[in-house]
> 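Encoded as structure tokens, here's the structure I'll be asking about.
The figures that follow rest on heavy atoms only: side chains count, while hydrogens, waters and symmetry mates do not.
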Amino acid sequence: MKYTKYFGAVTREQGRLNLSSSQFQRMMNRVHLESVITGLISAKETYKDTNQYHKYDMLIFKQNRKLTDLSENLTPELLLKEMVLLSD
């Protein structure tokens with residue numbers, strides 16, 4: 001949840017982020033994907049010590065891949081800077 005935590009921390013420190021609608025949507029897409037991944041990992045843990053433990057691995061991998069593709073492998077700091085610049 002590196003993007004979610006970073007965006008949340010920046011918002012707490014600086015208040016509402018000055019992003020255009022499209023860049024705000026872009027940020028929220030990452031937050032959503034990280035939440036989906038966290039939920040899948042949580043569901044996976046319910047099968048710990050069973051033969052179904054790896055049942056969610058492919059779904060988790062696909063969601064992580066989407067997140068990497070959307071974020072272009074940028075750190076949260078660089079991604080936010082880019083979104084702010086594109087909002088101006």
> Who pairs with Ser22 by side chain to side chain donor-acceptor pair (under 3.5 Å), at least two apart in sequence or on another chain?
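Ser22 satisfies side chain to side chain donor-acceptor pair (under 3.5 Å) with Ser20 once adjacent residues are dropped.
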
> For Arg12, check side chain to side chain contact (heavy atoms under 4.5 Å, CB included) against everything at least two apart and list the hits.
Ala9

> Can you name the residues that form a side chain to side chain contact (heavy atoms under 4.5 Å, CB included) with Glu13, not counting sequence neighbours?
none

> Is the number of heavy atoms from other residues, nucleotides or ligands under 6.0 Å of Phe61 CZ greater than 12?
no

> Please enumerate all residues that pass salt bridge (Lys or Arg N to Asp or Glu O under 4.0 Å) together with Arg30, with sequence neighbours excluded.
none

> Excluding sequence neighbours, so at least two apart, what forms side chain to side chain donor-acceptor pair (under 3.5 Å) with His54?
Asp57

> When rounded to the nearest 0.5 angstrom, what is the spacing between NZ in Lys44 and CD1 in Ile60?
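The distance works out to 5.0 Å.
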
> Between atom CG of Leu40 and atom OG of Ser35, what is the distance when rounded to the nearest 0.5 Å?
11.0 Å

> So how far is it from Leu78 CG to Glu72 CD, rounded to the nearest 0.5 Å?
11.5 Å

> Should we count NZ of Lys66 as having more than 12 external heavy atoms under 6.0 Å?
no

> Mind checking what makes side chain to side chain donor-acceptor pair (under 3.5 Å) contact with Gln63, not counting sequence neighbours?
none

> How long is the span from the CD1 atom in Ile41 to the OG1 atom in Thr46, to the nearest 0.5 Å?
12.5 Å

> For Thr50, what residues pass the side chain to side chain contact (heavy atoms under 4.5 Å, CB included) criterion, not counting sequence neighbours?
Tyr47, Gln52

> Is it possible for you to say whether Leu74 and Met1 belong to one hydrophobic cluster, with membership spreading through side-chain heavy-atom contacts below 4.5 Å?
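No: no chain of side-chain contacts under 4.5 Å links Leu74 to Met1.
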
> Output all residues satisfying side chain to side chain donor-acceptor pair (under 3.5 Å) with Thr75, sequence neighbours left out; order by chain, then residue number.
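Applying side chain to side chain donor-acceptor pair (under 3.5 Å) to Thr75 gives Glu77.
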
> Going by atom types alone, do Thr4 and Glu34 pair a side-chain donor with an acceptor below 3.5 Å?
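Glu34 and Thr4 do have a side-chain donor-acceptor pair below 3.5 Å.
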
> Should Val31 and Leu70 be counted in the same cluster of Ile, Leu, Val, Met, Phe, Trp and Tyr side chains packed under 4.5 Å apart?
yes

> For residues 79-88, pull every pair meeting salt bridge (Lys or Arg N to Asp or Glu O under 4.0 Å), keeping only residues two or more places apart or in separate chains.
Arg26-Glu82

> Partners of Leu17 by side chain to side chain contact (heavy atoms under 4.5 Å, CB included), sequence neighbours excluded?
Val10, Thr11, Leu19, Met27, Leu80

> If two hydrophobic side chains count as joined below 4.5 Å and joins carry through other members, does Tyr6 share a cluster with Val84?
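In one cluster with Tyr6: Val84, yes.
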
> Should Met83 and Phe7 count as side-chain neighbours, where that means a heavy-atom distance under 4.5 Å?
yes

> Return the minimal non-hydrogen interatomic distance between Tyr3 and Ser71, and the atom names on each side.
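Closest approach of Tyr3 to Ser71: OH-CB, 3.2 Å.
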
